[in-house]
Amino acid sequence: MKVGDRHYRSVWAEGPGGPVHIIDQTRLPHAFETRSLDSPEAVAEAIETMRVRGAPLIGVTAAFGVALAMSRDPSDESLARTAGRLAATRPTAVNLAWALARMRTALGALAPDERASAAWFEAQSIADQDVAINEAIGRHGLALIAREHAARGRAVNILTHCNAGWIATVDWGTALAPIYLAHDEGIPVHVWVDETRPRSQGLLTAWELAGHGVPHTLVADNAGGHLMQHGKVDLVLVGADRVTRRGDVANKIGTYLKALAARANDVPFYAAVPTPTIDWEIDDALAGIPIEERSGDEMRVVRGLDGDGRPASVAIAPESTAVANPAFDVTPAELVTGIITEKGVFAAKETALLELFPRERKSEAFLT
Ligand code: MRU
C-alpha cells in the first residue's frame with residue numbers, strides 16, 4: 001500500500017543477506033519510521049515489542065529472522081536455536097509457528113553451506129505468498145460487501161476490531177483487503193474502527209484507512225453493541241490469529257464480545273483468514289489455543305503526544321493496581337457467519353473447512 005506517493009510492503013529484505021526492513025508500528029500513527037533489523041535477536045525484539053505485529057506479518061518477519069541467522073551461522077544448532085527463540089516471542093498467532101516450520105523443513109534437508117541462499121529465497125516466497133493470499137481474500141470479501149451494497153442501496157457500514165490491515169500482513173491486509181477493493185471499485189463503505197485497548201491497534205487501522213481515503217470513524221471498544229442496536233452496522237469483519245478446523249476464531253481481545261453483540265442484533269460476523277492461520281491440530285479452542293498474557297503496563301500506561309507534539313507516556317493507574325492483560329480471545333464457531341479465505345468463503349464448520357486442508361497432509365490421522 002502507499003504511504004504518500006511511495007508503495008511500501010510492511011517488511012522487506014534489502015537483498016539476500018539482509019538487512020531486513022520493517023515499519024516500526026510502535027511509532028504509528030504519529031510518526032512513520034522504518035527500521036532495519038540485522039540479526040535474529042533484533043527480529044525477536046521487534047516481534048516481542050510489537051514493532052511488527054499481526055499474525056501474518058510476525059510469521060513472515062520471523063522467516064526473515066531465520067534467513068539472517070543462516071547468513072551468519074548455517075549450522076543445525078543455529079537453525080534450531082533461532083527457530084526456538086523466534087517461536088517463543090508470541091504464542092497465539094499460529095502463523096509464526098507455521099512460517100518457522102516451513103523454514104525448518106526447507107532448510108533442514110540441505111547441507112549447511114546451501115542454507116543461507118535457500119533461507120532468503122524461502123522467506124521471500126512466504127512474503128510474496130502472503131501478498132497473493134491477501135489480495136485473493138480481498139476479492140472474495142469484496143463480493144460480500146458488493147452484495148450488502150446492492151441490498152441496501154447505500155454505503156455499507158462495516159465494524160472492525162484491532163488492525164487486520166496491510167501493516168498486519170506484508171500487504172493488503174486480511175479484513176481490510178475487501179474494504180480497500182470495495183472503495184477502489186467505487187462501492188461506498190464506511191468503517192467503524194474499534195479503538196482496541198490496550199494497544200490501540202484501531203489507531204493503526206484509522207491511519208491506514210485515512211491513507212487510502214476510506215471513510216471511517218474511530219469508536220471506543222464499548223460502542224459496538226450500541227451501534228448494532230441502532231442499525232448502524234451492516235457487517236462485522238475481523239482478522240484472526242488462529243482458527244481451529246472446527247471454525248473457532250482466536251483474535252484480538254474483545255472480538256468475542258463483538259460477535260455476541262452481532263448475533264444478538266442479526267448482524268453478519270465474518271473473519272478473514274489466510275489458510276496458514278488455520279491450526280489443524282487443535283480440537284478444543286478454549287483449552288488448546290495459548291492466549292498471550294502481556295505486561296500490565298500496557299493497561300497502566302497510555303502513550304501519545306504531549307501538548308508540544310512530543311512522544312509522551314502517561315500513567316493512568318498506579319503501579320500497585322493489579323492488572324490482567326489477556327491479548328486474545330476465542331469466538332466460538334457458532335457465532336461466526338463465515339470464514340473468508342483466499343480460496344473462497346466457507347462456513348465456520350469442520351465439514352466445510354476440511355476442503356482447505358493441505359493436500360500434502362491428507363493422510364494424517366484425524367482425516368482417516
Ligand atoms: O497483538 P496483535 O496486534 O499482533 O494482534 C493482531 C490481531 O489480533 C489481528 O486481528 C490478527 O493478527 C489478524 S491480522 C491480519
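All figures in this text were calculated on a predicted structure; none of them were measured in a lab. Ligands are counted one by one from 1 in listed order, and the atoms in each one are counted from 1 as well. Numbering starts at 1 and runs along the sequence shown.
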Numbered atoms of ligand 1 (with element) below 4.0 Å of [X], judged on heavy atoms:
{"X": "Lys252", "result": "1 (O), 2 (P), 5 (O), 8 (O)"}
{"X": "Ala164", "result": "14 (S), 15 (C)"}
{"X": "Gln201", "result": "1 (O), 2 (P), 3 (O)"}
{"X": "Ala55", "result": "12 (O), 14 (S)"}
{"X": "Phe328", "result": "1 (O), 5 (O), 8 (O)"}
{"X": "Cys162", "result": "5 (O), 6 (C), 7 (C), 8 (O), 9 (C), 10 (O)"}
{"X": "Arg90", "result": "1 (O), 2 (P), 4 (O)"}

Hey, is Thr169 touching ligand 1 through its side chain, its backbone, both or neither, going by heavy atoms under 4.0 Å?
side chain
Per the side chain to side chain contact (heavy atoms under 4.5 Å, CB included) rule, which among Thr337, Leu235, Val233, Leu159 passes with Val267?
Val233
In this structure, atom 3 (O) of ligand 1 is nearest to the protein heavy atom Arg53 NE, 2.5 Å
For atom 8 (O) of ligand 1, what is the nearest protein heavy atom, given as residue, atom name and distance?
Asp241 OD1, 2.7 Å
Will you find, in the side chains of Trp280 and Thr244, an N or O donor that is under 3.5 Å from an N or O acceptor?
no
So, Gln25 versus Arg51: side-chain donor-acceptor pair below 3.5 Å or not?
no
Phe32/Tyr8 aromatic ring centres below 6.0 Å:
yes
Could [X] and [Y] be called an ion pair, given the rule that one side-chain N must be under 4.0 Å from one carboxylate O?
{"X": "Asp221", "Y": "Lys252", "answer": "no"}
{"X": "Arg90", "Y": "Glu48", "answer": "no"}
{"X": "Arg294", "Y": "Glu292", "answer": "yes"}
{"X": "Asp76", "Y": "Arg104", "answer": "no"}

Do any nitrogen or oxygen atoms of [X] lie less than 3.5 angstrom from nitrogen or oxygen atoms of ligand 1?
{"X": "Pro56", "answer": "no"}
{"X": "Thr174", "answer": "no"}
{"X": "Ala168", "answer": "no"}

Within 6.0 angstrom of Glu77 CD, more than 12 heavy atoms from elsewhere:
yes
Quick check: closest heavy atoms across Ala123 and Met103, and the distance to 0.1 Å?
N-SD, 3.9 Å
Exercise: identify the closest heavy-atom pair between Thr331 and Ala259:
CG2-CB, 3.4 Å
For ligand 1, is there an atom lying under 4.0 Å from some heavy atom of [X]?
{"X": "Ala93", "result": "no"}
{"X": "His161", "result": "no"}
{"X": "Met50", "result": "yes"}
{"X": "Ala240", "result": "yes"}

Give the single entry among Asn251, Ile137, Thr196 that approaches atom 10 (O) of ligand 1 most closely by any heavy atom.
Asn251
